[in-house]
Amino acid sequence: ETGVTQSPTHLIKTRGQQVTLRCSSQSGHNTVSWYQQALGQGPQFIFQYYREEENGRGNFPPRFSGLQFPNYSSELNVNALELDDSALYLCASSSQWRGRGYGYTFGSGTRLTVV
Amino acid sequence: GNSVTQMEGPVTLSEEAFLTINCTYTATGYPSLFWYVQYPGEGLQLLLKATKADDKGSNKGFEATYRKETTSFHLEKGSVQVSDSAVYFCALSAGGGSNYKLTFGKGTLLTVNP
């Protein structure tokens, strides 16, 4: 089975710009979550999508938004970039029917640098 | 809210030494507990998990036991290798319904020297 793939791997943007990050879920997974990992920190939950609807959100402002598509791939959009948005953005997919104990499969992440 | 506390790193060991990384948690309900590992420049990989009290998760020589009475999930390995050098994250999942978000600790950097 294929894993979770993210694109691009690295990205440099200017403060105030907008960015779109992409994720392809692992085959058979219908739930996707996005996490932000600042340097030296643990990942922080941004939001989760299930059946193309957001069903959970962490403590992130509305300029962080997302989409999930019918094929379960996903996008993370960030508007009005700030320097503190510089981080590794991780996508994770899971299969809801297995329950919360199953765990998530993570992609390798997109390293976003805002200058 | 839910939280995970890991021992502060970095941890530096010699090859074949015994490893313990402490993890305690605070959560409502009955969380599932995980250890993830992150190698340099990579994403997270699930190392092991436990879904209920007294369960022991194990993988690649690593073990952790879900202790509800002490709200702990300490990671152990009897003999570490250089290839175990990585950052280790303890995490829990305690969402209700279909919301299974993960709450992570800050991570512990492990360096194993030959």
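On a predicted model such as this, the values are computed, not experimentally measured, just so you know. Note on naming: letters A, B, ... go to the chains in the order of the sequence lines (proteins, then strands), and numbering restarts at 1 for each one.
- Between the side chains of B:Thr108 and B:Gln6, a donor-acceptor pair is found at a separation under 3.5 Å.
- Contact annotation for A:Phe47: neither backbone nor side-chain heavy atoms come within less than 4.5 Å of a heavy atom of chain B.
- Residues passing the side-chain hydrogen bond (donor to acceptor under 3.5 Å, both in side chains) test with B:Thr103: none are found, sequence neighbours excluded.
- Contact check on A:Arg63 versus A:Glu82 returns a salt bridge, with a Lys/Arg side-chain nitrogen under 4.0 Å from an Asp/Glu carboxylate oxygen.
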* **Intermediate values then yes/no, side-chain contact (heavy atoms from CB on, under 4.5 Å), B:Phe89 and A:Gln37** => CA-CA 12 Å; B:Phe89 292 94; A:Gln37 186 180 14; 3.3 Å; yes
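- Contact annotation for A:Gln6: neither backbone nor side-chain heavy atoms come within less than 4.5 Å of a heavy atom of chain B.
- Surrounding CD of B:Glu69 are more than 12 heavy atoms belonging to other residues, nucleotides or ligands, all under 6.0 Å away.
- Only the side chain of B:Gln38 comes within contact range of chain A, with heavy atoms under 4.5 Å apart.
- Between B:Phe34 and A:Tyr104, the gap from one ring centroid to the other reaches at least 6.0 Å.
- Residues from residues 74-84 of chain B never place a non-hydrogen atom less than 4.5 Å from a non-hydrogen atom of chain A.
- With no hydrogens or angles considered, a side-chain donor-acceptor pair links A:Gln18 and A:Thr20 at under 3.5 Å.
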